[in-house]
Amino acid sequence: MTAASPERVRPTPIKAIPVRRTGQWISAAIVVALVGALVWTVATNDNIQWPVVGDYLFNSNILRGGVTTIQLTVLSMVLGVVLGVVLAVMRLSRNPVLRTVSRAYLWLFRGTPVLVQIVLWFNLGLIFPRLGVGPISADTNSLISAFGAALLALTLNEAAYMAEIVRGGILSVDKGQTEAAHALGLTSTKTMRRIVLPQAMRVIVPPTGNEVVTMLKTTSLVAVIGAQDLFTEAQLYGSKNFTTFEMLLVASFWYLVLTTVLTFAQSRLEQRFARGTSQGAPAGPGFAARLHANLRPGRTATQGASR
Amino acid sequence: MTTAMVRAENVHKSFGHVEVLKGIDLEVANGEVFCLLGPSGSGKSTFLRCINHLETIDAGRLSVDGELIGYREEGDKLYELRESEVAAQRRDIGMVFQRFNLFPHMTALENVMEAPVQVRRESRTDARDRALQLLDRVGLGERAGNYPAQLSGGQQQRVAIARALAMKPKLMLFDEPTSALDPELVGEVLDVMKDLAREGMTMIVVTHEIGFAREVADTVVFMDDGVVVEAGKPADIIGNPQHARTKAFLSKVL
Ligand SMILES: Nc1ncnc2c1ncn2[C@@H]1O[C@H](COP(=O)(O)OP(=O)(O)OP(=O)(O)O)[C@@H](O)[C@H]1O
Ligand SMILES: [Mg+2]
């Protein structure tokens with residue numbers, strides 16, 4: 001019996017003098033001084049025309065470029081996810097032809113830099129001047145605009161990465177689920193759609209959120225074919241008005257705003273998902289951790305480096 | 001009891017180089033409760049899974065209600081059935097797993113409704129009515145809106161039985177339905193199974209519950225190392241086993 005005897009008095013709460021964290025204070029002071037000095041030198045730098053940054057931040061062409069960047073991100077992600085699911089299902093299929101096709105696709109699109117793929121689709125007209133089926137054909141360059149080439153390249157590339165994420169999600173679902181569905185008489189297609197994929201979502205959603213942020217940054221590569229995205233527009237003004245650095249600041253500002261918004265949305269989405277599964281899954285990383293993870297150099301950097 | 005519900009003739013099955021079933025001959029009559037006993041690794045689950053084609057057999061013949069499972073025989077040639085045809089055969093065979101395998105993203109009610117709606121194309125209202133009836137029957141009418149994670153093991157297994165019954169099967173397969181349960185929850189699942197047996201359902205039950213086998217089974221089969229060692233009335237097999245292997249096994253589990 002552990003019931004407290006009545007005469008037992010509650011001890012006085014602990015009031016200890018905390019360990020002094022001198023190091024913490026010193027390091028904070030150093031950091032503040034360094035950051036202050038950096039901000040000061042940049043802010044007062046005569047070579048940066050700050051009014052230009054302010055003027056162009058909300059310039060209509062820059063904003064239109066931003067919208068194009070968002071469109072490219074959303075469209076290539078949506079199409080990439082759809083194609084990725086198809087590739088993942090093909091890869092796990094019993095049909096050896098489908099499996100091989102899926103593997104070959106991944107090998108091809110993950111083995112070449114996305115920058116090269118973008119330029120390649122843009123220059124398709126060089127080897128196929130006209131595209132079409134039978135008697136119906138059209139000039140390749142009018143058929144595939146810079147935006148079209150960018151979307152094509154980003155989508156096809158993304159599908160290869162999404163396929164692996166989706167495959168991981170599908171494999172994370174217990175085999176017993178498929179067996180139970182089959183035992184009830186569900187076909188493989190129904191089993192995948194109704195039973196396996198919904199459960200795979202929990203594993204698929206978090207990395208897909210990261211893919212969206214990575215994609216947002218990757219879209220800047222399409223500036224090499226002048227696809228009129230945010231970076232294209234910023235560079236255009238920069239070289240025209242000899243304000244290269246100012247325009248890079250403008251572009252960076254908007255990229256940061258967009259990644260921060262996306263990261264916030266991602267955290268909320270994951271929280272919703274953890275709740276919906278009723279398993280009381282622990283919450284994913286918080287917003288700050290997410291943001292930190294998203295701002296790390298991702299695939300974009302490595303692919304960019306392979307130029 | 002004229003036609004056999006399940007007929008196995010010289011069924012063989014190997015995984016790689018390991019032969020797990022070494023010629024099984026069995027006949028399960030319509031309405032019969034058939035209990036499979038045997039030590040771990042003797043091939044009980046494998047045999048059960050062959051009956052609804054979750055595993056394919058390598059040799060022999062296996063039929064349910066007079067229909068060959070997984071194949072069509074024309075003359076002396078066997079043709080593999082298409083996926084949709086296999087799925088159609090499975091509709092009439094219910095299966096209950098050791099680990100329940102309920103769909104965790106669906107409520108108890110949705111679990112039971114899934115196959116009638118998706119496979120038999122019943123209307124949602126009809127399926128819902130019947131699902132509620134079935135949940136009532138296994139004593140879980142109140143829990144229809146709960147997700148599997150919110151149910152005890154015994155409750156989950158009862159939902160799993162209701163889910164299988166929703167397809168109005170002519171044969172039910174149980175693979176150690178109570179082995180994953182805490183001892184105090186075993187009874188509630190066995191009670192549901194006893195009810196089912198009383199109503200005349202044909203059942204093949206792999207179990208270590210010797211008491212259940214003795215009380216409910218019409219036939220008890222002892223399997224070891226991929227063969228049927230002996231088969232007969234529960235009183236004979238459990239009460240008076242003839243083979244040394246059966247005796248050794250029973251002395252361990254009783
Ligand atoms: N998919 C598989 N691949 C390879 N070997 C398998 C597979 N499934 C089962 N086996 C092997 O087949 C043998 C029989 O397995 P089975 O599950 O049928 O035994 P069991 O009688 O049900 O045993 P338990 O009482 O432990 O469930 C075992 O040796 C097992 O390791
Ligand atoms: Mg088993």
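Nothing here was measured: the structure is a model prediction, and the numbers come from that model. In what follows, every chain begins at residue 1, and chains take the letters A, B, ... in the order their sequences are listed. We use all heavy atoms of the structure for the numbers below, so side chains are in, but hydrogens, waters and symmetry mates are not.
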Assert top hit (heavy-atom pairs under 4.5 Å, partner chain A, pool B:F100, B:F97, B:F103) equals B:F103
Options B:A87, B:G94, B:P116, B:A88, ranked by heavy-atom pairs under 4.5 Å with chain A, top entry
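Of B:A87, B:G94, B:P116, B:A88, B:A87 has the most heavy-atom pairs under 4.5 Å with chain A.
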Side chain, backbone, both or neither of B:I93 within contact of chain A (heavy atoms, under 4.5 Å)
backbone
Are [X] and [Y] close enough that some pair of their side-chain heavy atoms sits under 4.5 Å apart?
X: B:M106; Y: A:R194; answer: yes
X: A:E179; Y: B:R49; answer: yes
X: B:E114; Y: A:I195; answer: yes

If we ignore hydrogens and angles and just use 3.5 Å, is the side chain of [X] paired with the main-chain N or O of [Y] as donor and acceptor?
X: B:N52; Y: A:A183; answer: no
X: B:Q118; Y: A:K190; answer: no
X: A:Q177; Y: B:L102; answer: yes

Smallest heavy-atom separation, B:H105 atom then A:P198 atom, equals CD2-CB, 3.5 Å
For [X], is the [atom1] atom crowded, meaning more than 12 foreign heavy atoms sit under 6.0 Å from it?
X: B:E142; atom1: CD; value: no
X: A:R103; atom1: CZ; value: no
X: B:R130; atom1: CZ; value: yes
X: A:R110; atom1: CZ; value: yes
X: B:E73; atom1: CD; value: yes

If I take atom CG from residue A:L184 and atom CZ from residue B:R90, how far apart are they, to the nearest 0.5 angstrom?
10.5 Å
Can you measure from CG (A:L186) to CZ (B:R91) and round to the nearest 0.5 angstrom?
9.5 Å
